[in-house]
Amino acid sequence: MEMETTISLLDIRPLVPELTMICVGLIVILLDLIVRKKEVVAIVGIAGTLVALYGTYKLYGFYEPQSAFSGMFVLDGYSNFFKLIFYLNIILTICISFKYMAIEKASFGEYYALLMFATTGMMIMASAADLIVLYLGLELMALSTYILAGITRKRQRSNEAALKYFFLGAFSSAFLLYGISLTYGLTGTTNLREIASALQTLDLNGSPIMYLGLIFMIVAFGFKIALAPFHMWAPDVYEGAPTSITAFMSVGPKAAGFAVLGRVLFGAFAGMQVQWASILIPMAVLTMAVGSIIALAQTNIKRMLAYSSIAHAGYMLLGVITGTTGGLMSTVNYLAIYLFMNIGAFAIVIMLRREGFQGENIEDYMGLSKSHPLASALMLIFMFSLAGIPPTAGFIGKFYVFMEVIKAGYVYLAIIAVAFSAISAFFYLRVVMYIYMKDPKEEVVLTRSPSMSIALAVTAMMVLILGIFPSFLLNLVRYSILG
Amino acid sequence: MLKYTLIPLLPFLSFLINILFGRNFIKDRAHWIAVPAVVGSFLLAVSAFLDVAGGRDINVNIYSWIVSGSFNVSVGFLIDRLSAIMLIVVTSISTLIFIYSIGYMHGDGGYYRFFAYLSLFVFSMLILVMANNFLLMYFGWEAVGLCSYFLIGYWFHKKSAADAGKKAFIVNRFGDFGFGLGVILIFLTFGSMDYMQVFGEAGGIAGQTINLLGYDVNLITLICLLLFCGAVGKSAQVPLHVWLPDAMEGPTPVSALIHAATMVTAGVFMVARCNPLFNLSEVAMNTVAIVGGVTAIFAATIALVQTDIKRVIAYSTVSQLGYMFLALGVGAYSAAIFHLYTHAYFKALLFLGSGSVIHALHDEQNMQKMGGLKKYMPVTYWVFILATLSITGIPFFSGFFSKDEILWRAYLAGDLGKFLWFLGTLAALLTAFYSWRLIYLTFHGKFRGTHEQEEHLHESPPVITVPLMLLAVGAVAAGWVGIPPIFAEHGDKIGEFLAPVLGYPEGEGTHAQEYFVMGASIFVAVAGWIIAYTMYLKKTELPQKLGAAFQPVYKLLFNKYYIDELYSKTIVQPTLKASDKIILGFDTYIIEGIVNGIPNLIGAFSRKLRKIQTGLLSDYGLIMAIGALSIIGVWIFLR
Amino acid sequence: MVPLSWYIILSAVVFSIGVIGFLTRRNLIMTFMSIELMLNSVNISFVAFSHYLQSMRGQIIVFFVIAVAAAETAIGLAIIIAYYKNNPTIKVDEINLLKG
Amino acid sequence: MEDIIYNQLDYSILSWTVFLPVIGAALLLFIRNVSAVRWTALLFTIANFFVALPLLKHFDKSTYKMQFVEKSEWIPSWGINYFIGIDGISILFIFLTAILSILSVLVSWKSIEKKVKEFHIAILTLEAGMLGVFVALDFFLFYLFWEAMLIPMFLLIGVWGGQNRVYAAIKFFLYTLAGSVLMLVGIVVLYFTSGGTLDILALSSMQYPFQLQCWLFLAFFAAFAVKVPMFPVHTWLPDAHTEAPTAGSVILAGVLIKMGAYGFLRFSMPMFPDATKFFLGPVLILSIIAIVYGALVCFAQKDFKRLIAYSSVSHMGFITLGLFALNTQGVEGGILQMLNHGIITGAMFLMIGIIYERTHTRVIADYGGFARLVPWFAGFFIILTFASIGLPGTNGFIGEFLIIFGAFKARMIFGVLAATGIILGAGYMLWLYQRVFFQDANPDYEASGRHPVSDLNMREVITLIPLFVLVFWIGFYPNTFLEYMHASVEHLIQQMNLTAVAGNENMIAKYITEIF
Amino acid sequence: MTAPQLFFAYFAVMITVLSLLMITRRNPVHGVLWMLVLFVHIAGLYIFLNAEFLAAIQIIVYAGAILVLFLFVIMLLNLKKEETVKKFQKHWLVGVGTGIIFAVFSVSIVRKIEVFPQLGKYTIEAVKAEGNIMTVGKVLYTKYLLPFEIASVILLVAIIGAVVLAKKRIE
């Protein structure tokens with residue numbers, strides 16, 4: 001099955017964005033040594049990302065899927081859309097972390113470089129057409145985020161977060177490898193397309209060993225996107241990690257996880273849809289349940305948002321479960337929307353952080369609306385969006401997913417999902433309640449910065465605009481995935 | 001047309017002006033608006049009466065009120081002989097009472113309000129009477145109830161008054177419940193609510209049945225009984241009579257106008273109006289008659305022992321209304337209307353007279369504390385005597401003619417009729433007794449009130465006495481339009497007048513029978529008088545003795561057969577208790593329990609579940625591993 | 001010949017031992033080593049598959065796994081050290097500041 | 001198919017009507033001065049009323065078709081359009097909403113002192129949401145407005161409400177959300193059943209299999225029943241009404257809870273006629289229970305506002321009863337009663353708000369003898385009391401009579417049972433009136449040294465007058481309002497009678513035997 | 001049993017026993033040392049499977065670099081105390097049980113594994129002819145260039161990470 005391959009320089013072309021990101025990452029590290037003002041470093045990081053974005057855009061100009069490196073790397077609408085999410089993710093993260101990291105005293109070049117490397121890892125995952133590349137991309141992303149989670153190393157919480165994330169991540173990647181090895185053993189290949197055809201020709205769809213391999217891979221991907229029962233790390237890590245990284249992690253790796261999940265399940269294991277759907281359905285239900293229910297008892301807003309992010313993963317997973325392109329589109333759409341609302345919410349959380357004040361307790365938000373009406377209003381928007389109340393984008397995301405789920409015939413799943421979304425509304429409302437309906441205990445001071453304002457403006461605008469005029473995003477998703 | 005519209009409209013305008021501007025501008029001058037309006041109405045009513053008497057019935061739709069699909073009801077007036085008489089009764093008595101009120105209510109804080117309500121009442125009553133369809137009649141029907149509510153509770157700061165008003169309204173609602181359903185059933189049956197159309201088609205559906213909870217019920221009977229429910233409520237018949245005595249909490253002119261002369265007779269009017277329907281249902285007719293008869297005797301027995309002057313008259317009213325229903329039930333519609341008409345005068349007179357007394361005694365209503373007022377208030381005394389003569393049925397006073405007509409008609413109406421006649425006659429005996437008892441206790445003997453009251457005793461001013469005298473004329477002479485045919489050919493003018501609308505009662509008796517009936521009623525009237533005379537003027541210790549001898553009976557009567565207590569125990573208290581304990585409990589503990597319970601449960605679950613998140617690395621790994629294992633176990637081994 | 005399944009069974013058994021180690025040890029370092037054990041077990045199966053499939057791919061993967069393992073070790077140990085500096089313990093069941 | 005008449009006017013009147021408040025709200029963001037905020041809000045609500053006014057003039061009463069329709073592409077990939085229009089059922093609610101919005105701004109003039117700007121923004125967005133619900137002809141659009149409305153209402157209750165406001169606000173939100181998410185599922189199912197359209201008119205003209213109808217009916221019922229609220233799911237209402245600020249109560253009682261009933265009319269009935277008939281019995285029984293139960297609970301209430309809130313449960317029971325009588329009178333009565341209830345209860349909450357401003361108590365026992373202290377107030381209130389009881393001459397009578405008539409016509413026993421509600425209604429309302437206004441003034445009240453109460457002032461009278469005009473207008477000449485409905489209601493009844501399943505009765509009978 | 005099978009049996013038993021030994025040692029240093037022996041045995045197995053290059057890497061990287069790193073850290077942390085306390089978790093039995101069930105499950109599933117796919121061209125002879133390292137190298141730098149480069153970035157990240165976490169100045 002294996003044939004000689006030659007690699008030409010042309011193969012590098014589709015890789016331009018990734019290379020740009022890596023180069024910028026290196027430049028940032030070097031720059032860190034030269035410039036004193038760390039803002040410059042951050043701006044270079046953003047600029048580099050924009051360059052990469054431009055690269056993707058240029059390559060993206062044609063929806064024709066391209067592959068390079070003997071079919072290990074593909075560039076198609078699917079991957080490009082995910083890359084778009086990653087770019088926005090990193091740009092917004094950098095925007096919100098400026099001041100914050102300075103307060104945390106960790107605003108140095110490596111921080112931005114690691115963000116870029118992590119993003120590169122995600123991009124590779126999104127483009128991976130081979131399990132090896134996928135594994136390496138995943139590790140690149142994972143290792144970078146482990147470090148980022150622990151980057152404020154004077155804080156014990158941060159250390160602990162990194163520690164837990166690392167150990168469980170390594171544990172889960174062992175499972176991934178085990179799954180890959182079984183797949184490899186049965187199909188003789190790691191290329192996704194070849195796996196698909198091998199499954200057909202060798203009639204492996206019913207093989208329990210194949211099933212085992214698939215389950216192990218799902219475990220690993222489920223870990224990355226925090227699906228119950230593999231979500232256990234998420235609350236702790238989200239809480240302990242620096243808030244900007246929490247924002248970054250709650251979107252990026254999750255999206256990357258979905259990218260590979262979609263790629264693997266739809267690309268390689270399309271023939272086993274019945275099997276994997278039957279695995280994922282209880283997982284999705286459990287995820288929504290765990291996320292929505294445990295979040296109710298939380299008092300730390302980061303932790304609450306962590307559970308909320310788990311619950312959201314459950315909704316997104318529904319789209320994958322359908323096994324239809326439409327379902328995948330709905331998931332992807334949800335991810336894009338989730339990016340804005342989640343980072344927006346975290347941005348507000350970050351604003352409360354100031355010298356000597358954590359601002360992570362929900363009680364800290366008491367009476368915020370008195371002193372900061374605008375920030376409160378934005379938080380309100382994000383919270384309602386996360387709860388999926390129209391006319392915010394969160395509703396569009398949920399609606400699309402439910403639509404596809406029902407279209408695929410899983411009405412009961414939709415009903416379960418809406419039930420949990422009603423439950424989850426409670427803890428979002430609680431934040432709003434603290435902001436608007438309680439009197440402040442003490443004066444809340446917000447840490448402001450221009451970049452933060454930009455990030456907030458962008459996220460809030462997108463949440464509202466996409467909530468009312470979702471067509472743009474929907475079309476983008478459609479073209480990206482259907483070509 | 002405008003003329004007829006103006007009849008109700010004038011009082012309505014008076015109401016509007018008084019209620020809107022009374023408080024700040026008109027104040028004590030309210031009667032300058034109300035009295036001319038009602039006098040105007042009266043004059044127009046007379047003119048309308050003349051039109052009708054001239055043979056011109058008026059049936060006119062003014063505008064289309066409610067249109068919904070096939071349902072179409074107009075606001076429109078029907079003035080025929082029946083309503084013309086009612087118009088006269090209502091407007092004439094209103095006029096007198098308005099004038100009386102000028103004096104009676106003088107100086108009251110809510111003077112303007114009083115006249116406003118009275119005007120509104122007249123308007124409502126006129127609508128009730130003039131309506132040409134059931135729904136508009138229902139409008140008037142409820143509106144008079146509203147006015148009654150306002151006027152009973154006129155002195156709203158008194159709890160008893162507020163309670164009485166509320167009671168009157170709610171008890172009436174019980175009746176209206178049936179009435180409203182009857183109206184609906186009429187429309188569903190006839191596809192119209194116009195009297196003319198309904199009555200015209202009534203014959204066609206005689207005998208039709210309708211399935212009600214599995215029983216086949218005669219449609220007409222059902223309709224009539226439902227309508228009659230309304231009448232029972234409004235006209236205070238057993239078992240819904242309880243509100244009327246309490247209604248005496250209102251100012252006396254109100255008692256006279258609303259709770260004696262006009263509103264309470266609306267039920268009688270309504271049944272008379274619906275005679276084409278009632279005629280078709282023997283069951284309904286018998287029900288009406290029996291309810292009437294029972295009420296007549298029932299209320300009369302209570303009146304025997306009451307000590308409150310107005311309450312005696314109130315029970316007397318209930319009793320007299322019973323007579324009217326008795327008449328209706330035996331088909332003597334015109335007799336009922338005749339009695340309604342005479343009763344309006346003498347009963348209004350009694351009330352106003354008692355008002356005059358109460359006024360003089362500064363709101364003392366207990367007859368035990370009166371006595372000997374004859375010399376202080378001669379005019380009042382004499383009009384009282386005239387009214388009493390009339391009500392007890394002493395020949396040639398108006399009450400005699402109407403009551404005699406009823407008893408005679410009852411006598412003619414078969415076995416049931418005989419029984420009812422007996423009841424009626426017995427009631428007449430009681431009536432005579434308690435009426436004279438009232439006179440003796442109030443006007444004869446020694447004054448039993450306080451010394452202070454005695455000093456201020458005086459005859460009422462002319463503004464009060466003049467209406468009394470005018471009413472007295474009515475009390476004496478109103479009956480002369482209905483002299484029985486055995487005394488004078490065409491003496492029964494009123495019966496003949498109403499015959500086109502109400503028909504002429506069937507049944508012929510011999511002269512001997514008629515004299516017998518008449519004699520019996522005269523006999524009992526005189527007998528009652530003599531007994532009262534004996535007991536209250538000659539042997540004044542006798543009542544006490546009797547009361548002691550028949551202690552249980554006396555108590556039963558004095559407490560009005562405990563009907564109020566019964567209702568309180570069986571309806572009011574259970575409702576409140578059910579509301580407070582059962583329903584609110586259900587709401588608070590069960591529904592809210594579930595509603596709050598589910599979130600609480602989820603919350604508790606949440607707090608439990610978060611304990612799984614121990615924070616320990618190995619536990620997390622364990623859960624991941626177990627998760628993977630269960631997936632493998634379930635999907636590979638159990639499949 | 002040694003059947004392929006022997007290797008794979010061996011791999012599964014060692015993987016499970018690694019899992020047991022991960023789940024039971026209190027010492028973070030030992031836990032970490034258990035993970036390495038798991039990776040090694042997977043490597044065995046890769047190489048075995050590679051051998052039996054007459055394909056080079058398995059060996060290549062093992063190569064990458066080893067490379068990643070090295071990187072992982074570096075980072076992991078760095079994280080452990082960083083943690084230890086703040087809170088001098090590496091007992092797994094004492095690391096539970098974040099929970100609930 | 002062409003059941004629509006495109007906008008008869010040369011400008012998009014409905015869009016203006018719906019979105020003018022949004023513009024106002026946006027404008028308010030930039031105004032700092034408190035009194036300027038109030039005036040701007042008032043201006044916009046009034047302007048909104050006048051912008052909507054031409055609708056009445058140009059509305060064609062002779063047709064059931066949707067009028068003033070505006071339709072343009074919105075989310076083409078899902079086949080969703082921006083599609084709005086009104087018919088005889090919805091037109092009146094536009095005006096009810098507009099009027100009540102004006103009044104809620106007016107009544108809050110003095111009583112809202114904190115976060116004035118936010119308050120008025122909430123009111124204006126709420127108004128837009130409510131108007132949107134009534135004009136939306138696309139399900140997606142409808143749902144958008146339906147849910148979006150919750151946000152300002154949630155804030156109104158939670159921020160400016162009474163003691164227990166947070167609990168009430170969250171309860172309100174979650175309750176209604178829990179109901180409407182099921183509707184969302186129903187909408188999506190409909191979307192696929194119909195082959196990818198959310199056009200309400202198109203969906204209404206289709207016929208669905210019986211079983212599907214039943215499920216969908218239940219899904220929609222969940223949303224609407226909570227909103228109405230019907231019997232077992234009514235408990236959010238007393239809390240929300242009681243705790244909301246006056247303006248909130250007014251809008252809640254006046255418009256918001258009408259939307260459930262509106263939903264029945266607009267969706268449940270025309271789309272699922274068979275299911276509607278199938279579930280008719282239970283729904284009617286629930287309505288009856290609501291009437292009697294709501295009335296009985298009122299007897300036990302000690303809180304002024306709470307009593308009125310529970311009375312709403314009873315009155316809404318009448319409305320659902322009328323609607324599900326499924327005949328012209330019942331439905332028209334129901335619609336009219338929706339309007340009436342909005343007017344009466346809206347006015348009652350206005351008045352309670354006014355008196356609360358002066359006494360700062362809502363406990364009935366604290367009142368007493370107020371007819372003496374505030375005679376004009378008492379006078380106005382007694383009118384409302386009797387309108388609420390359904391006295392002829394007031395609007396309440398017309399509505400209730402038509403409803404009972406319709407119910408009686410449909411099934412006699414329900415008419416009879418509903419009529420008992422009228423007796424109970426008189427009972428608790430008059431008792432309330434007596435306790436508050438009659439008898440002597442509560443000695444504790446004066447002893448506690450509370451403020452002397454003053455009677456209505458000019459602003460308050462002006463606030464109330466329009467509602468009282470409507471009370472009597474509808475009472476004496478309801479045709480002005482009924483006329484608008486005739487064609488649409490007739491059409492609705494016709495649609496109801498077109499049963500999708502052949503031999504429907506047998507089908508239902510078969511189903512019942514299967515279930516038991 | 002044939003010779004290769006006996007050979008395999010030795011390695012298999014040793015690997016299993018060594019793994020168990022490794023995870024049960026109280027002293028981490030002992031654990032590391034047992035692991036070293038274990039890696040050597042695994043390397044032996046690799047040779048047995050004709051993967052000489054990997055065997056070398058296994059020794060060089062795993063034994064030579066990774067385990068040494070472990071030792072360093074253990075020394076650095078100076079875990080004297082650790083030796084006296086319990087070495088297993090409180091509910092270690094659950095962990096053991098889970099692991100055993102895991103083993104049972106996976107073994108029972110994979111025990112019937114066979115080589116399904118069409119075989120590749122890298123027969124033992126072909127590889128031998130070219131030399132194992134040569135073959136690996138050729139493939140690695142042509143077909144697997146991309147992963148190789150990614151691996152380099154991963155290592156870079158590891159360096160940065162180690163520096164950031166262990167050294168970087170944070171006031």
Side-chain angles (χ1 to χ4, degrees), chain A residues 1-2 130-133 135-136 138-140 142-144 146-147 149-151 153-171 173-182 184-191 209 212 235-240 294 297-300 303, chain C residues 4 7-8 11-12 15 18-19 22-23 28 31-32 34-50 52-58 60-65 67-69 71-76 78-87 90 92 95-100:
Chain A
M1 284 198 64
E2 299 181 18
D130 189 292
L131 290 174
I132 301 176
V133 176
Y135 171 68
L136 290 170
L138 188 137
E139 285 296 337
L140 176 56
L143 291 174
S144 311
Y146 300 152
I147 303 163
I151 201 157
R153 65 187 167 101
K154 290 284 173 194
R155 284 174 57 234
Q156 197 191 331
R157 286 168 175 269
S158 177
N159 299 140
E160 189 177 324
L163 197 73
K164 286 181 178 168
Y165 195 17
F166 173 77
F167 271 87
L168 293 169
F171 188 56
S173 61
F175 280 94
L176 174 63
L177 278 176
Y178 200 71
I180 292 177
S181 87
L182 290 179
Y184 168 60
L186 285 187
T187 59
T189 178
T190 50
N191 187 298
I209 305 174
L212 190 66
D236 291 6
V237 175
Y238 282 17
E239 186 189 343
I294 306 190
Q298 299 305 324
T299 51
N300 181 303
R303 206 172 175 81
Chain C
L4 171 63
Y7 287 98
I8 308 306
S11 156
F15 192 89
V19 170
F22 184 85
L23 298 182
L28 262 184
T31 313
F32 198 177
S34 304
I35 293 174
E36 296 297 335
L37 189 62
M38 287 161 76
L39 294 181
N40 268 285
S41 76
V42 177
N43 285 353
I44 293 173
S45 70
F46 268 122
V47 177
F49 280 132
S50 173
Y52 284 87
L53 288 170
Q54 297 178 359
S55 137
M56 221 52 214
R57 206 183 285 252
I60 300 291
I61 295 175
V62 172
F63 173 79
F64 289 126
V65 171
V68 169
E72 219 166 45
T73 312
I75 292 172
I79 290 174
I80 291 178
I81 290 170
Y83 183 83
Y84 194 81
K85 279 184 187 165
N86 278 331
N87 185 21
I90 53 166
V92 169
I95 307 174
N96 61 350
L97 191 61
L98 303 164
K99 64 179 170 193

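Quantities reported herein were computed from a predicted structural model and do not represent experimental measurements. Proteins come first, then strands; the chains are lettered A, B, ... in the order of their sequence lines, and each starts at number 1.
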**Message:** More than 12 heavy atoms of other residues, nucleotides or ligands under 6.0 Å from NZ of Lys85(C): yes or no?
**Reply:**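 More than 12 heavy atoms, drawn from other residues, nucleotides or ligands, come within 6.0 Å of this atom.
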**Prompt:** Who are the salt bridge (Lys or Arg N to Asp or Glu O under 4.0 Å) partners of Glu160(A), not counting sequence neighbours?
**Reply:** Lys164(A)
**Asked** In terms of heavy-atom pairs under 4.5 Å with chain C, which of Leu186(A), Val237(A), Leu143(A) leads?
**Response**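 Heavy-atom pairs under 4.5 Å are most numerous for Leu143(A).
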**Message:** Tell me which of these, Ala162(A), Ser158(A), Gly169(A), has more heavy-atom pairs under 4.5 Å with chain C than the rest.
**Reply:**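 Looking at each of Ala162(A), Ser158(A), Gly169(A) in turn, Ala162(A) comes out on top.
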Region of [X] in contact with chain C, defined by heavy-atom distances below 4.5 Å:
X: Ala161(A); result: both
X: Tyr135(A); result: side chain
X: Leu140(A); result: neither
X: Ile132(A); result: side chain
X: Arg303(A); result: side chain
X: Leu136(A); result: side chain
X: Gln156(A); result: both

**Message:** Let's go through Arg157(A) and Asn86(C) carefully: what are the C-alpha distance in whole Å and the side-chain angles of both, what is the deciding distance for side-chain contact (heavy atoms from CB on, under 4.5 Å) to 0.1 Å, and is it a yes or a no?
**Reply:** CA-CA 10 Å; Arg157(A) 286 168 175 269; Asn86(C) 278 331; over 6 Å; no
Side-chain contact, heavy-atom cut-off 4.5 Å: [X] with [Y]?
X: Pro235(A); Y: Lys99(C); result: no
X: Leu163(A); Y: Ile95(C); result: yes
X: Tyr184(A); Y: Ser50(C); result: yes
X: Arg153(A); Y: Ile81(C); result: no
X: Met38(C); Y: Phe171(A); result: yes
X: Leu177(A); Y: Phe46(C); result: yes

State the [atom1]-[atom2] distance between [X] and [Y], to the nearest 0.5 angstrom.
X: Asn300(A); Y: Leu98(C); atom1: CG; atom2: CG; answer: 9.0 Å
X: Arg57(C); Y: Asn191(A); atom1: CZ; atom2: CG; answer: 6.5 Å
X: Asp236(A); Y: Asn96(C); atom1: CG; atom2: CG; answer: 9.0 Å

**Prompt:** Are Tyr178(A) and Ser41(C) linked by a side-chain donor-acceptor pair shorter than 3.5 Å?
**Reply:**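 Side chains of Tyr178(A) and Ser41(C): no pair found under 3.5 Å.
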**Prompt:** For Tyr238(A), which residues count as a ring-ring contact (aromatic ring centres under 6.0 Å, His included) partner, sequence neighbours excluded?
**Reply:**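 ring-ring contact (aromatic ring centres under 6.0 Å, His included) list for Tyr238(A), sorted by chain: Trp233(A).
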**Message:** For Ala12(C), which atoms come within 4.5 Å of any heavy atom of chain A: side chain, backbone, both, or neither?
**Reply:** both
**Asked** Between Ile35(C) and chain A, which part of the residue has a heavy atom less than 4.5 Å away: side chain, backbone, both or neither?
**Response**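 For Ile35(C), the side chain is the part near chain A, not the backbone.
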**Message:** Please determine whether side-chain contact (heavy atoms from CB on, under 4.5 Å) holds for the pair Glu139(A) and Phe64(C), giving the CA-CA distance in whole Å, both sets of side-chain angles, and the decisive distance to 0.1 Å.
**Reply:** CA-CA 11 Å; Glu139(A) 285 296 337; Phe64(C) 289 126; over 6 Å; no
**Asked** Do the rings of Phe32(C) and Phe167(A) sit parallel, tilted or perpendicular, given the 30° and 60° boundaries?
**Response**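 The rings of Phe32(C) and Phe167(A) stand perpendicular, inter-plane angle above 60°.
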**Request:** Over 60° means perpendicular and under 30° means parallel, so classify the ring planes of Phe15(C) and Phe175(A), tilted if in between.
**Result:** perpendicular
**Message:** Evaluate Ile147(A) against Ile75(C) for side-chain contact (heavy atoms from CB on, under 4.5 Å), listing each step before the verdict.
**Reply:** CA-CA 7 Å; Ile147(A) 303 163; Ile75(C) 292 172; 3.7 Å; yes
**Asked** Counting heavy-atom pairs under 4.5 Å to chain A, which of Leu28(C), Ile60(C), Ile8(C), Leu4(C) comes out on top?
**Response** Leu28(C)
**Closest-packed option against chain A by number of heavy-atom pairs under 4.5 Å, given Leu39(C), Val68(C), Val19(C), Thr31(C)** =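 Ranked by heavy-atom pairs under 4.5 Å with chain A, first place is Val68(C).
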